[in-house]
Amino acid sequence: MPGLSGRMSTIVKAKISKLLDRAEDPSETLEYSYQKQIELLQNVKKGIADVVTSKKRLQLQEKSLQDQVLKLDTQARQALAQGQEELARTALERKNVAQTELQSLDSQIAELEQQQEQLTASEQKLRTKIEQFRSKKEVIKAQYSAAEAQVRISEAATGVGEEMADVGLAMQRALDKTENMKARAQAVSELEAAGTFDDLTTLGPGEDDIDRQLKQLSSTTAVDAELERMKAELGSGGAGAAAQLGSGGQAAQQGEAAAQSQPQSPAAPPAGTPPPAPQPGEGQPS
Amino acid sequence: MIVRIATEGQYELLGSDEEVLQELDNQAVSACEAGDEQQFHDSFARLLEFVRENGQPVAEDRLAPSDMILPPPDTSLEDARREFSGEGLIPG
């Protein structure tokens, strides 16, 4: 299709111009368009502050996920020490999900950090351009005829407006990304409170990833391996340990490993809710 | 001519580069329409590469509108598709 301009760039350019038209009315006076640029620059600064706030919130969520991983690990040990293997498995499955989420949160926060730096650099660049516009405006007013000044100023204003629209776009993308991350992290944090594993499948956008994780989990290889490792750490394997503990009653007898669990409530079940899969009985010692 | 890579910046290219740019641009659109992720990714990357390699970054104190504006470098096939269906990454 010779002669036709690039279709992609044409669409993007049209949209940027549309954004720009909204911000810049060519009939506006020079002073007014400068005032407006300054105003929009303030919006950019506010937008960057929003990105920083969102990032901090994500970091808090990261911390709470880390706590959750620790807690679930402790609960798995407790359950195992009491011979409640299914309960331990449930805790480990949740821990596994929380850990996977933690890893992706980690890299996303790093990415956000980088975007924040870029936005700050863009804001600086925009500030330079607005300053340039201010001095150029004075020169043009002094040196050119009204008609020519109009053309030159209008071109400069379009240049600044385009830059502004572009920074706005970068900011919007960063914010959208943060919103998604926050929603996902929040959903995983609530997993424990919700008490049921099924809730993970109702996460909404982005659930594909978690579906995949769940499928992975359903093969339970990772969880099985960890369960085995935990059993070994607890001193002896499987039924033997359960029987021994069942009569002994106190997890503290298991020495170092069990001592890391919460000693004040050795019988507390993980998450305080029944395990998701139908289990024979509640598994609670009477 | 001045080409902007959205969220990245402006580059000054020779007027004679325009044809190549349009060609690469349209290849990316075709790949997008065909739903070919790899092809879209490759042609879009070639387009950006061409601009960065052949263009001079526009000075910060220059206030010039762009002749051509390309989508942000991290545009996915999904983003691009929405772009062409009317409600893209830049709200219309």
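Here Glu60(B) contributes atom CD and Arg127(A) contributes atom CZ; the two are 12.5 Å apart, rounded to the nearest 0.5 Å. Taking CG from Leu63(B) and NZ from Lys129(A), the interatomic distance works out to 6.0 Å, rounded to the nearest 0.5 Å. Separating the CD1 atom in Ile2(B) from the CD atom in Glu162(A) is a distance of 8.5 Å, to the nearest 0.5 Å. Interatomic distance, Gln172(A) CD to Thr7(B) OG1, rounded to the nearest 0.5 Å: 13.0 Å. In this structure, OG on Ser9(A) lies 8.0 Å from CG on Leu21(B), to the nearest 0.5 angstrom.
When all heavy atoms of Asp61(B) and Gln132(A) are compared, the pair lying nearest together is O-CG, 2.9 Å. When all heavy atoms of Leu169(A) and Pro72(B) are compared, the closest pair comes out as CD2-CG, 4.1 Å. In terms of heavy-atom proximity, Glu8(B) sits nearest to Asp166(A) at N-OD2, 4.0 Å.
Proximity to chain A (any heavy atom under 4.5 Å) is shown, for Leu24(B), by neither the backbone nor the side chain. Arg62(B) touches chain A through its backbone: at least one of N, CA, C or O sits under 4.5 Å from a heavy atom, while the side chain does not. Looking at Asp67(B), the atoms closer than 4.5 Å to chain A (heavy atoms on both sides) all sit in the backbone: N, CA, C or O.
Annotation for Glu37(B): atom CD does not count as buried by contact number, only 12 or fewer foreign heavy atoms lying within 6.0 Å. With a 6.0 Å radius and a threshold of 12 heavy atoms from other residues, nucleotides or ligands, Gln59(A) has its CD atom above the threshold. Gln42(A) CD: more than 12 foreign heavy atoms inside a 6.0 Å radius.
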For this session: Go through Val12(A) and Leu70(B) one step at a time and tell me if the side-chain contact (heavy atoms from CB on, under 4.5 Å) criterion holds.
Result: CA-CA 6 Å; Val12(A) 177; Leu70(B) 303 176; over 6 Å; no
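Contact check for Gln10(B) versus Glu163(A): side-chain heavy atoms found under the 4.5 Å cut-off. The closest side-chain heavy-atom distance from Arg173(A) to Asp79(B) is below 4.5 Å.
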